[in-house]
Amino acid sequence: MFNQEKLMHYQVEQPSWSYYMKSVRRTMEEDQMERVMRLATQSAVVIFSFNNCCMCHAMKSLFSGMGVNAMVHELDQDAKPFMRLLGNSTSLPVVFIGGKLVGSMDTVLAFHINGSLVPLLKHAGALWL
């Protein structure tokens, strides 16, 4: 009887397969988040976009027209992991300025319309004038 109790106690303390899988999933998500943050800080302006997306093209054109040399990462092949990690955004393009998440097209255009985009770009070092 004593051995069975000890055996049962031993079995309860063993981590389950789901415990290991949660740990692996958490590690993979952390690795993906680190990858996004590493990519987002490689340049003053970073755009995550789709190759054949008209809104993404408009965003690239906006920054190009302002004289900003944005780093563009096309996510056509592996977009699902990034979509969840990029500020819970459900639409692309997603823009980082100065390593900080600004948001999608509507947010960037709102900043541009109210005049706060240019100072933000100057502060990040993307514009000098």
Side-chain angles (χ1 to χ4, degrees):
M1 187 72 165
F2 178 75
N3 289 337
Q4 285 180 344
E5 289 176 7
K6 187 174 183 181
L7 180 63
M8 289 175 60
H9 179 70
Y10 176 75
Q11 289 174 346
V12 171
E13 286 185 2
Q14 287 295 322
S16 65
W17 178 253
S18 64
Y19 171 80
Y20 289 118
M21 291 310 295
K22 286 178 186 175
S23 175
V24 168
R25 188 177 311 120
R26 188 176 318 117
T27 303
M28 287 173 47
E29 288 176 0
E30 289 170 358
D31 291 344
Q32 290 173 343
M33 189 58 161
E34 288 175 14
R35 181 176 175 210
V36 169
M37 293 312 297
R38 182 175 35 82
L39 292 173
T41 58
Q42 286 181 342
S43 182
V45 177
V46 178
I47 303 171
F48 290 94
S49 72
F50 286 132
N51 193 22
N52 295 325
C53 169
C54 63
M55 293 299 174
C56 298
H57 177 73
M59 182 62 61
K60 294 175 218 176
S61 297
L62 171 70
F63 284 115
S64 178
M66 295 175 73
V68 173
N69 187 17
M71 180 177 284
V72 179
H73 294 284
E74 303 291 348
L75 302 177
D76 291 335
Q77 297 301 319
D78 60 349
K80 287 185 181 182
F82 283 95
M83 296 298 284
R84 193 166 23 101
L85 295 173
L86 292 171
N88 293 325
S89 177
T90 58
S91 64
L92 289 176
V94 174
V95 177
F96 285 83
I97 298 177
K100 296 178 183 171
L101 176 65
V102 173
S104 60
M105 178 109 178
D106 56 347
T107 307
V108 174
L109 288 179
F111 284 173
H112 185 52
I113 290 168
N114 72 21
S116 61
L117 182 61
V118 170
L120 189 62
L121 291 169
K122 286 180 180 178
H123 182 72
L127 282 178
W128 293 276
L129 300 174

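Here the structure is a predicted model, which means the values were calculated and not measured. We use all heavy atoms of the structure for the numbers below, so side chains are in, but hydrogens, waters and symmetry mates are not.
- The only option from Val94, Ile97, Leu117 that meets the side-chain contact (heavy atoms from CB on, under 4.5 Å) definition with Val108 turns out to be Leu117.
- For the pair Ser49/Val72, a side-chain contact is recorded, criterion being any heavy-atom separation below 4.5 Å from C-beta on.
- At a threshold of 4.5 Å between side-chain heavy atoms, the hydrophobic network of Ile, Leu, Val, Met, Phe, Trp and Tyr places Val95 and Leu101 in two separate groups.
- Within 6.0 Å of the NE2 atom in His73, the count of heavy atoms belonging to other residues, nucleotides or ligands exceeds 12.
- Hydrophobic clustering (side-chain heavy atoms under 4.5 Å, transitive across Ile, Leu, Val, Met, Phe, Trp, Tyr) groups Phe96 together with Phe50.
- Placement of Phe48 and Met55 in two distinct hydrophobic clusters is found when ILVMFWY residues are connected by side-chain heavy-atom separations under 4.5 Å, directly or transitively.
- What you find for Val46 and Ala40 is that their closest heavy atoms are CG2-O, 3.4 Å.
- Counting all heavy atoms, side chain and backbone alike, Pro93 lies closest to Ile47 at CB-CG2, 3.9 Å.
- Linking Ile, Leu, Val, Met, Phe, Trp and Tyr residues whenever their side-chain heavy atoms come within less than 4.5 Å leaves Leu92 and Val45 in two separate clusters.
- If you take CE on Met71 and CD on Gln42, they are separated by 4.5 Å, rounding to the nearest 0.5 Å.
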Which atom pairs, donor and acceptor, lie under 3.5 Å between side-chain atoms of residues 57-66 and protein residues at least two apart or in another chain?
residue : atom : partner : partner atom : Å
Lys60   : NZ   : Glu74   : OE2          : 2.8
Ser61   : OG   : His57   : O            : 2.9

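- Around atom CG of Asp106, more than 12 heavy atoms belonging to other residues, nucleotides or ligands sit under 6.0 Å away.
- What you find for Gly99 and Thr41 is that their closest heavy atoms are CA-CG2, 3.9 Å.
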